[in-house]
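Remarks on the structure that follows.
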Amino acid sequence: MYYVSTRDKSLHYSPAQAIAQGLSRDGGLFLPITTPKLPADALEKMVQMTYQQRAQYIMSMYLEDFTAEELGQYAEKAYGSDKFDVTEVAPLRKVDEDTYCLELWHGPTCAFKDMALQMLPHLLTASLKKNQEEKTVCILVATSGDTGKAALEGFRDVEKTKILVFYPKDGVSEIQQLQMSTQEGNNVGVSAVVGNFDDAQTGVKTLFSDPELREALAQRGFFLSSANSINWGRVLPQVVYYISAYCDLMAQNAVQAGDPINVCVPTGNFGNILAAFYAKEMGVPIQRLICASNSNNVLTDFIATGRYDRNRSFYTTVSPSMDILISSNLERLLFLLSEGNDQLVADYMNQLNETGSYLVSDSIREKVQKVFTGGYASETDTAATIATMQEKHNYLIDTHTAVAFQVLDQYRKKTGDLTKTVVASTASPFKFCDAVLGALNISEKASGTALLDQLEQVTGVKAPQPLATLKDKTVRFDAWTEKEQMQSVVTDFLK
Ligand SMILES: *Cc1c(COP(=O)(O)O)cnc(C)c1O
């Protein structure tokens, strides 16, 4: 099975090439030309397996130039007990008879990004070897918070890699900033940028497209690459946990093989929910995918009307990892639903670039609506949902997960559809103490790491170890840069 770009399927790539290159030269995203199907007895077989074995099994179906043994080793390393605080890795918690919560934040940085970013470094370094790349890769990341820390933790001390993260100086939570400024490892760098996330992101994109910089770095034995969710190596590890969740439902006798479920995902860049769509395409009986947004509800409108329109106000919300107006991974869905019409996809993406908007064909819109339902949660409803979940179910959830529960509630009230639903929980509530405490009606809030203690006292829930130990860590990175000077930060880092 080979891989193609969403904008030009005439060129064929091996999985290792697709992962090493990340983004296609034509601006498109790589995906496998066909989606593999699970054999009839696969789900039943996987019920008996550990999470690591399930990962190995599923990833083998997509990565033909990796041996099962290689993939097994990566899964053991990525999801070992030194990285994840529960042996299940992605445990499924029963909320009520119809609702299950898939906790994706038990990894080293307490957000779901770990599920992919613990795996990606193994896939990437192996891909580079397979492609006989001699240079050292330098991963550049612009982050609004979660991706940066997860990438730092994933790539720290990985041989033949370096990683440099830029975050907006006043744009991340206190806990997120501390997580990054205390990062350990000998190949890591972190710098704040004066400005907002867009400034950091634009700065990084400019560095990527600078041919002189590329040449200068090549002479020193480096090349630049990215770890954001346009890389197929980040989507694939996420497919695993949706299949794994269905197996766990079977193991708990909550469903019999073949029973339908719905899945509800708090969505930003469309990477996480796209992985759920792949699980469905592979044969997991997922009936409906509920796409939950915050006030930046560009996807809610797209699913309802078929028009994607980023020409709208941008809101800063309590669920910052979903404050996104361009959901890059939607491009992969358009390719899949148009049956691989690369010219059409390229055309939509050009329109998006030039006018900020495009309208898909009736046929694509109908296919989207057959599977997806969109909805969004206001700031007030998000806060109210955190409070209700705590009161009613004694279950503390973060702001992003609350958006999903709120949208699921709206969906059920509107449709009466009570199909068993898996809600993706994407971050530990302790990453967003400030907003969570606010939602629980605490107005006198502590600051810095004392926020963690306060949330523990108010709820009786223990903060995850990687956050609880932040207060004992030394700040290693307190430098900041003007956005015009980001290039010298890179060249100093790669001396
Ligand atoms: C990144 C992130 C999301 C959004 O995921 P996408 O794959 O971009 O849709 C949701 N919640 C949290 C906590 C995140 O870090």
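Everything numeric in this text was worked out from a predicted model, so none of it was measured. For this chain, numbers begin at 1 and follow the sequence in order.
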Does the side chain of [X] reach to within under 4.5 Å of the side chain of [Y], using non-hydrogen atoms?
X: Leu249; Y: Cys247; answer: no
X: Met282; Y: Thr35; answer: yes
X: Ile261; Y: Gln287; answer: no
X: Leu124; Y: Ile139; answer: yes
X: Leu467; Y: Gln179; answer: yes
X: Phe66; Y: Ser127; answer: yes
X: Tyr348; Y: Val360; answer: yes
X: Val141; Y: Phe166; answer: no

Please report the interatomic distance [atom1]([X]) to [atom2]([Y]), rounded to the nearest 0.5 Å.
X: Gln406; Y: Tyr411; atom1: CD; atom2: OH; answer: 15.5 Å
X: Ile230; Y: Leu23; atom1: CD1; atom2: CG; answer: 4.5 Å
X: Leu352; Y: Leu330; atom1: CG; atom2: CG; answer: 9.5 Å
X: Leu71; Y: Tyr62; atom1: CG; atom2: OH; answer: 13.5 Å
X: Asp381; Y: Tyr376; atom1: CG; atom2: OH; answer: 9.5 Å
X: Ser295; Y: Asp323; atom1: OG; atom2: CG; answer: 8.0 Å

Carboxylate-amine/guanidinium contact [X] [Y], below 4.0 Å:
X: Arg54; Y: Asp248; result: yes
X: Asp301; Y: Arg312; result: yes
X: Lys445; Y: Asp434; result: yes
X: Arg7; Y: Asp342; result: no

For the student: nearest non-hydrogen atoms of [X] and [Y], plus distance:
X: Cys291; Y: Val407; answer: O-CG1, 4.5 Å
X: Ser313; Y: Asn296; answer: O-OD1, 4.1 Å
X: Ala404; Y: Pro266; answer: CB-CD, 3.8 Å
X: Ser191; Y: Thr481; answer: OG-CG2, 3.5 Å
X: Leu289; Y: Ala276; answer: CD2-CB, 3.6 Å
X: Val204; Y: Met486; answer: N-CE, 3.7 Å

> Between Val263 and Ile290, does a side-chain contact (heavy atoms from CB on, under 4.5 Å) hold up when you go through it step by step?
Replying inline: CA-CA 6 Å; Val263 172; Ile290 302 164; over 6 Å; no
>> Taking the cut-offs as 6.0 angstrom to the six-membered ring centre and 45 degrees off its axis, would you call Arg93 and Tyr395 a cation-pi pair?
In response: yes
Ignoring hydrogens and angles, state whether a donor on the side chain of [X] or [Y] is under 3.5 Å from an acceptor on the partner side chain.
X: Glu331; Y: Thr6; result: yes
X: Ser5; Y: Asp8; result: no
X: Arg288; Y: Thr415; result: no
X: Thr401; Y: Asp398; result: yes
X: Tyr242; Y: Asn272; result: yes
X: Trp105; Y: Ser425; result: yes
X: Asn329; Y: Asn269; result: no
X: Arg234; Y: Asn231; result: no
X: Thr355; Y: Ser357; result: no
X: Gln183; Y: Lys149; result: yes

Quick check: does any side chain N or O of [X] sit under 3.5 Å from a backbone N or O of [Y], one acting as donor and the other as acceptor?
X: Ser338; Y: Asn341; value: yes
X: Lys37; Y: Glu281; value: yes
X: Ser327; Y: Leu325; value: no
X: Ser226; Y: Asn228; value: yes
X: Lys9; Y: Val4; value: no
X: Thr99; Y: Val95; value: no
X: Lys94; Y: Tyr100; value: no
X: Lys483; Y: Ala200; value: no
X: Glu103; Y: Leu92; value: no
X: Asn297; Y: Thr300; value: no

Take a 6.0 Å sphere around [atom1] of [X] and say whether it holds more than 12 heavy atoms from other residues, nucleotides or ligands.
X: Arg412; atom1: CZ; result: yes
X: Lys367; atom1: NZ; result: yes
X: Tyr315; atom1: OH; result: no

Are [X] and [Y] close enough that their ring centres sit under 6.0 Å apart?
X: Phe270; Y: Phe372; answer: yes
X: His400; Y: Phe112; answer: no
X: Phe30; Y: Tyr13; answer: yes

> What's the verdict on side-chain hydrogen bond (donor to acceptor under 3.5 Å, both in side chains) for Gln118 and Tyr79, showing C-alpha distance, side-chain angles and the deciding distance?
Replying inline: CA-CA 7 Å; Gln118 283 298 314; Tyr79 306 121; over 6 Å; no
> Run the side-chain contact (heavy atoms from CB on, under 4.5 Å) check on Tyr278 and Leu336 step by step: do they pass?
Replying inline: CA-CA 10 Å; Tyr278 266 96; Leu336 294 168; 3.7 Å; yes
>> What verdict does the side-chain contact (heavy atoms from CB on, under 4.5 Å) test give for Asp146 and Gln176, after you've listed the backbone C-alpha separation in whole Å, the side-chain angles of each residue and the deciding distance to 0.1 Å?
In response: CA-CA 7 Å; Asp146 290 334; Gln176 287 176 316; 3.0 Å; yes
Return the orientation label for the [X] and [Y] ring planes: parallel under 30°, perpendicular over 60°, tilted otherwise.
X: His122; Y: Tyr74; answer: parallel
X: Tyr308; Y: Tyr358; answer: parallel
X: His12; Y: Tyr2; answer: parallel

>> Please determine whether side-chain contact (heavy atoms from CB on, under 4.5 Å) holds for the pair Leu178 and Glu174, giving the CA-CA distance in whole Å, both sets of side-chain angles, and the decisive distance to 0.1 Å.
In response: CA-CA 6 Å; Leu178 260 176; Glu174 273 187 88; 6.0 Å; no
